[in-house]
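In the text below, chain A, chain B and the rest are named by the order of the sequence lines, each starting its count at 1. Predicted model, so just to flag it, every value in this text is computed and none were measured.
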Amino acid sequence: MMQPSTTKITIQTPNTFRFAPNLDYLNRDAKECMHHIENNQITKLIELTGQTLLIQISEATHNTLSIQCLASQTPITELTRIELINYIHNWFDINRDISEFYALARTDALLCQTTQDHYGLRIISIPDLFEALCWGIIGQQIDLSFAYTLKRQFVEKYGTSTVYNNIQYWTFPTAEKIATLNITELTAIQLTKRKSEYIIEIAQQIQSGALSKQHLQNLPTIAHIEKELTKIRGIGPWTANYVIMRCLKLPNAFPIDDIGLINAIQHAQQLDQKPTKTEIQQLAKNWSGWEAYATFYLWRTLY
DNA sequence: AGCCAGGAGATTT
DNA sequence: AAATCTCATGGC
């Protein structure tokens, strides 16, 4: 019997990167359907250069990640190999020098502890713009648990999957597919009428080329990107900044209205009431340029 | 049962 | 034009 062909790739990580806290982050919710974690290995189905790849990521040595392609029918091309390395670097934000963030966190009352507790954590990105936007919209106004349920229903109805060793792996539904749906098809999986409208409209804009990651990335400042995104129905300041943080990866994105951020600050400072926006802006002065990282690390205090 | 959550759209200032 | 209401919806 033929062995499935595999390709193994090794990636070096900097000293300010650790595999464990990133693994913990990805493992934070059992209902997550976009990857699978078992035995300290992350397995995920991704699309790259037209190929569907099932990749498995583990820590080889202290500063080395090992990436394996499972179950590929044919050996991956050199181009795909390069794209895969890029994908991993981008996904885990490996190339970013976060020493400046750690330096400011050392003297920051809110960040000091969590940056120690989760030392080596990076903002894990959502590379696909459509996925990031959908996840933002799905997550509006509801608790995380229900948001994961909705995402799973959406993915399992409209995504594609591959089964490997009796585990089913999913890719996120494409804009192309969702652009053709009726609202009733999405309200059927418990999305609200409004959210269904937003998601279909966004899928259509992505499919037509009116909205793309490339276009947003070419805009000169975060303010321009935010303005462009909030023109779109369903995207307000919170969603725009969430997407700028998770997909476009600007470290100064700041979803300041985020209830998780508000709760994390309230809890850390033992406040009787939730901090106001002005109070959060005051605290965030010390995070200048690193608001997204500060937010991401503060979210980790909630678990 | 009533509160909560981002955003749109309307209304008021 | 900016601040303030109201609406829709499901989970807890």
Side-chain angles (χ1 to χ4, degrees), chain A residues 28-33 123 126 129-158 172 175 178 181-206 210-211 216 222-248 250 252-269 271-282 284 291-292 294-296 298-303:
Chain A
R28 71 200 180 287
D29 198 293
K31 293 213 286 274
E32 177 60 65
C33 57
I123 296 182
I126 304 173
L129 178 65
F130 184 57
E131 180 179 344
L133 287 164
C134 287
W135 180 230
I137 288 167
I138 288 171
Q140 290 169 4
Q141 274 195 295
I142 56 176
D143 63 82
L144 263 181
S145 170
F146 185 47
Y148 280 112
T149 300
L150 288 176
K151 181 166 85 165
R152 177 174 285 268
Q153 287 166 178
F154 183 62
V155 168
E156 292 187 351
K157 191 161 177 189
Y158 297 108
F172 199 77
I178 303 307
L181 300 183
N182 307 115
I183 291 160
T184 51
E185 291 171 278
L186 291 186
T187 53
I189 53 168
Q190 281 181 286
L191 282 161
T192 64
K193 191 163 173 278
R194 280 271 178 261
K195 287 185 181 181
S196 302
E197 288 170 8
Y198 299 157
I199 286 174
I200 292 168
E201 285 171 19
I202 286 168
Q204 290 168 346
Q205 290 185 50
I206 287 178
L211 175 62
L216 295 172
I222 196 167
H224 285 87
I225 302 171
E226 190 177 337
K227 198 174 168 190
E228 193 78 4
L229 281 172
T230 52
K231 279 185 197 162
I232 301 165
R233 255 168 47 93
I235 304 175
W238 176 83
T239 312
N241 278 277
Y242 183 78
V243 168
I244 295 169
M245 168 184 182
R246 296 295 305 280
C247 183
L248 305 179
L250 298 190
N252 58 333
F254 195 20
I256 193 168
D257 311 298
D258 184 80
I259 192 65
L261 175 69
I262 295 168
N263 289 341
I265 293 170
Q266 180 183 18
H267 185 255
Q269 302 194 321
L271 306 170
D272 292 331
Q273 293 167 5
K274 295 195 189 302
T276 65
K277 197 165 175 169
T278 314
E279 285 166 340
I280 298 176
Q281 277 163 345
Q282 196 62 33
E291 292 85 349
T295 301
F296 203 69
L298 285 170
W299 281 342
R300 298 305 289 139
T301 66
L302 297 167
Y303 291 88

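Here the C1' atom of nucleotide B/dA8 and the CG atom of A/Asp257 are 15 Å apart, to the nearest Å. One interatomic measurement links the two molecules: OH of A/Tyr198 to P of B/dG6, which rounds to 14 Å at whole-angstrom precision. In this structure, CD1 of A/Ile142 is placed 14 Å from C1' of B/dG7, rounded to the nearest angstrom. Remark: P of B/dA8 and CZ of A/Arg194 are 10 Å apart, rounded to the nearest angstrom. Here B/dG6 presents its C1' atom at 5 Å from CD of A/Gln140, a figure rounded to the nearest Å. The CG atom of A/Leu261 sits 13 Å away from the P atom of B/dA5 (whole-angstrom rounding). As rounded to whole Å, 18 Å separates atom C1' of B/dG7 from atom NZ of A/Lys231. Across the protein-nucleic acid pair, A/Gln266 atom CD and B/dC4 atom C1' stand 14 Å apart, rounded to whole Å.
The heavy-atom pair separating A/Ile262 from A/Asp257 by the smallest distance is CD1-O, 3.9 Å. In plain terms, the two heavy atoms of A/Met245 and A/Ala292 that are nearest each other are CE-O, 3.4 Å.
Using a 4.0 Å heavy-atom distance criterion, A/Leu144 is classed as making no nucleic acid contact. Residue contacts shown for A/Ile235 are limited to sugar-phosphate atoms, with no base heavy atom under 4.0 Å away.
Figure legend: cation-pi geometry between A/Arg152 and A/Tyr148 absent, as NZ or CZ is not positioned both under 6.0 Å from the six-membered ring centre and within 45° of its axis.
Taking the P atom of each, C/dG11 and B/dA8 are spaced 23 Å apart, rounded to whole Å.
Taking a heavy-atom distance under 4.0 Å as the criterion, the stretch of DNA chain C touched by chain A extends 5' to 3' from C/dA8 to C/dG11.
Between A/Phe172 and A/Phe130, the ring planes are perpendicular. Angles over 60° get that label, and only those under 30° would be called parallel.
For A/Ile259, counting side-chain heavy atoms from C-beta on, the closest listed nucleotide (B/dA8, B/dG7, B/dA5) is B/dA5.
Residue side chain A/Gln141 reaches the base of B/dG6 through a donor-acceptor N/O pair under 3.5 Å, judged by distance alone.
Panel note: side chain A/Lys195, backbone A/Gln140; a donor-acceptor pair is recorded below 3.5 Å. Side-chain N or O atoms of A/Asp29 include one that pairs as donor or acceptor with a backbone N or O of A/Lys31 at under 3.5 Å.
Look at A/Arg233 and you'll find a side-chain N or O under 4.0 angstrom from OP1 or OP2 of B/dG9.
Judged as a side-chain contact (heavy atoms from CB on, under 4.5 Å), and not counting sequence neighbours, the contacts of A/Glu197 are A/Ile183, A/Lys193, A/Arg194, A/Glu201, A/Arg233.
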